[in-house]
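Basis for what follows: all heavy atoms, side chains included, without hydrogens, waters or symmetry-related copies.
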Amino acid sequence: METLPGVFLGQRSIPIGAAGAYVPGGRYPLTASAHMTVLTAKVAGVERVAATTPPDRGAPPPVSIAAMHLAGADEIYVMGGVQAVAALALGTETIDAVDMLAGPGNAYVAEAKRQLFGEVGIDLFAGPTEVLIVADRTADPFVVATDLLSQAEHGPDSPVVLITTSHEVAARTVSWVEKLLPGLPTGEVAGRAWRDHGEVIVVPSLDAAYALADQYASEHVQILTAEPREALHRMRNYGALFLGDKTCVAYGDKVIGTNHVLPTLGAARYTGGLWVGKYLKTVTYQEIKDAGSSARLGEICGRASRIENFEGHARSGDVRAARYGSARMGWTDHSFGQS
């Protein structure tokens, strides 16, 4: 846009050159993470996406390899953990370094990304999967319990929180969790998460529920109330919001289309999750075509710089003021907003 006569300022969104996508394995082959990281980068226009996933009992995991290939990975490596993150970030004799790392992982992967931030960019700092449900008296306790356990199975350190305005919903949800756990194949993991990191909080009103939920700034926030869309206007700190009993967090994890690489550990207070824009650099450019404008800005630059004791900056402006000063005849300070 032209901000002053002949002064043009602009922005460009440029894809990064190369991205590394970490697709977790181990207990669960998280094939959906290939779509979340690789496909998102390719949509952004990243030329080279190097994807990696841990081996399955010493062999390449077929479903993860297929998912990375179908998502558009340019390179696929079977390696996991800290060594995989380091290889992508720093490069090896056979792997070229990338510009940015993305994707979830265990505590070691998260710490490796944290330490490498600055050497490369990262999508966000990630901790254990979190879920928080806000429910009123209209919520079905069976659904609440099912949805809490769906995220508890991610790991024994996953926080699972229910904030409700109903004592009955709270009590019946706890009862259903205890009934459902024995029949859940991942019940051992989910049970530990529920026992060690589960919370059920009864509050006097939905106002209090939304305020408390914002303090948690949870990764996944599910709204099971009579008017779930109210949360869109009442809450501000969450990784992803799931509105109504027809929508569940598992949809976001696997199939619905939004990204499941989301902020945890309170990071939702200052960032959102992974999306196409995370792979784009927004840069600026500027150009002055009008000599008079350059001369006037040179004068202002000289004064502003000397106030800050930057004589070199001032002289850079002085040169333009002297060289193009004759071209600003007839210009008024009004043309420059009384600068």
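Taking CE from M36 and CG from L274, the interatomic distance works out to 9.5 Å, rounded to the nearest 0.5 Å. Atom CG of L132 is separated from atom CD1 of I223 by 8.0 Å, given to the nearest 0.5 angstrom. Between atom OG1 of residue T37 and atom CG of residue L101 there is a gap of 11.0 Å, rounded to the nearest 0.5 Å. To the nearest 0.5 Å, the span separating OG1 on T53 from CE on M68 amounts to 5.0 Å. For the atom pair CZ (R192) and CD (E153), the distance works out to 14.5 Å, reported to the nearest 0.5 Å. Of the inter-residue distances, the one linking L180 atom CG with L149 atom CG reads 6.0 Å to the nearest 0.5 angstrom.
With sequence neighbours excluded, no residue satisfies side chain to side chain donor-acceptor pair (under 3.5 Å) with D196. Checked against side chain to side chain donor-acceptor pair (under 3.5 Å), T138 has the following partners two or more places apart in sequence or in another chain: D136.
A heavy-atom distance below 4.5 Å is found between the side chains of T52 and L88. Using a 4.5 Å heavy-atom cutoff, the side chains of K113 and Y22 are not in contact. A heavy-atom distance below 4.5 Å is found between the side chains of Q11 and T284. Counting heavy atoms from C-beta outward, V169 and V202 have side chains that stay 4.5 Å or more apart. Two residues are said to be in side-chain contact when any heavy atoms from C-beta on lie closer than 4.5 Å; M79 and I95 meet this criterion. Taking the side chain as every heavy atom from C-beta outward, R320 and I288 never approach each other to under 4.5 Å. Residues H69 and I76 are in side-chain contact: their nearest non-hydrogen atoms beyond the backbone lie under 4.5 Å apart. At a threshold of 4.5 Å between non-hydrogen side-chain atoms, the residues E199 and P159 do not count as touching.
Around the NE2 atom of H313, the shell of radius 6.0 Å holds no more than 12 heavy atoms that belong to other residues, nucleotides or ligands. Open room surrounds NE2 on H167; 12 or fewer heavy atoms of other groups in view lie less than 6.0 Å from it. The neighbour count for Q115 CD, taken as heavy atoms of other residues, nucleotides or ligands under 6.0 Å away, is above 12. Around atom CD of E2, more than 12 heavy atoms belonging to other residues, nucleotides or ligands sit under 6.0 Å away. Within a 6.0 Å sphere centred on CZ of F8, heavy atoms belonging to other residues, nucleotides or ligands number more than 12.
Connection of V109 to L116 is established within a shared hydrophobic cluster, with ILVMFWY side chains joined at heavy-atom distances below 4.5 Å, either directly or through further cluster members. With hydrophobic clusters built from ILVMFWY side chains whose heavy atoms lie under 4.5 angstrom apart, I133 does not share a cluster with V221. Criterion: ILVMFWY side-chain heavy atoms under 4.5 Å apart, direct or through other members. Under it, I122 and W275 are not part of a common hydrophobic cluster. Under the 4.5 Å side-chain contact rule for hydrophobic residues, Y216 and L148 do not share a cluster. Under the 4.5 Å side-chain heavy-atom criterion for Ile, Leu, Val, Met, Phe, Trp and Tyr, V160 and L181 are members of the same hydrophobic cluster.
Closest of all the heavy-atom pairs between V189 and H154 is CG1-C, 4.4 Å. Nearest heavy atoms, S13 versus L280: CB-CD1, 4.3 Å. Here the shortest heavy-atom pairing between P104 and V261 reads CD-CG2, 3.9 Å. Taking all atoms of both residues into account, the shortest heavy-atom contact from T173 to A145 is O-CB, 3.8 Å. Closest approach of L124 to P263, counting heavy atoms only: CD2-N, 3.8 Å. For the pair L162 and A135, the tightest heavy-atom approach, listed with the atom from each and the gap, is CD1-CB, 4.0 Å.
Between the side chain of Q222 and the main chain of C248, no donor-acceptor pair closer than 3.5 Å is present. A donor-acceptor pair under 3.5 Å is absent between the side-chain atoms of T258 and the main chain of G252, judged by distance alone. Checked by atom type and distance alone, the side chain of D214 never pairs as donor or acceptor with a backbone atom of M235 at under 3.5 Å. For the pair D123 (side chain) and G103 (backbone), a donor-acceptor distance under 3.5 Å is present.
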Residues V177, W194; criterion side chain to side chain contact (heavy atoms under 4.5 Å, CB included); working and verdict
CA-CA 9 Å; V177 167; W194 172 252; 3.5 Å; yes
Taking it one step at a time, do H260 and S33 satisfy side chain to side chain donor-acceptor pair (under 3.5 Å)?
CA-CA 8 Å; H260 77 189; S33 290; 3.0 Å; yes
Yes or no on side chain to side chain contact (heavy atoms under 4.5 Å, CB included) for T271 and K278, after CA distance, side-chain angles and deciding distance?
CA-CA 11 Å; T271 187; K278 289 276 190 177; 3.2 Å; yes
For D290 and R296: C-alpha separation, side-chain torsions, deciding distance, then whether salt bridge (Lys or Arg N to Asp or Glu O under 4.0 Å) applies.
CA-CA 10 Å; D290 183 89; R296 183 67 179 116; over 6 Å; no
Evaluation steps, side chain to side chain contact (heavy atoms under 4.5 Å, CB included), between T164 and V203:
CA-CA 6 Å; T164 180; V203 294; over 6 Å; no
Could you walk me through whether V249 and D147 pass side chain to side chain contact (heavy atoms under 4.5 Å, CB included), step by step?
CA-CA 7 Å; V249 176; D147 290 347; over 6 Å; no
Do Y77 and E75 pass the side chain to side chain donor-acceptor pair (under 3.5 Å) test, and can you show the C-alpha distance, the side-chain angles, and the key distance before you say yes or no?
CA-CA 7 Å; Y77 301 100; E75 303 165 16; 2.6 Å; yes
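Taking the ring axis of W176 as reference, the NZ or CZ atom of K179 stays within 45° of it and closer than 6.0 Å to the ring centre.
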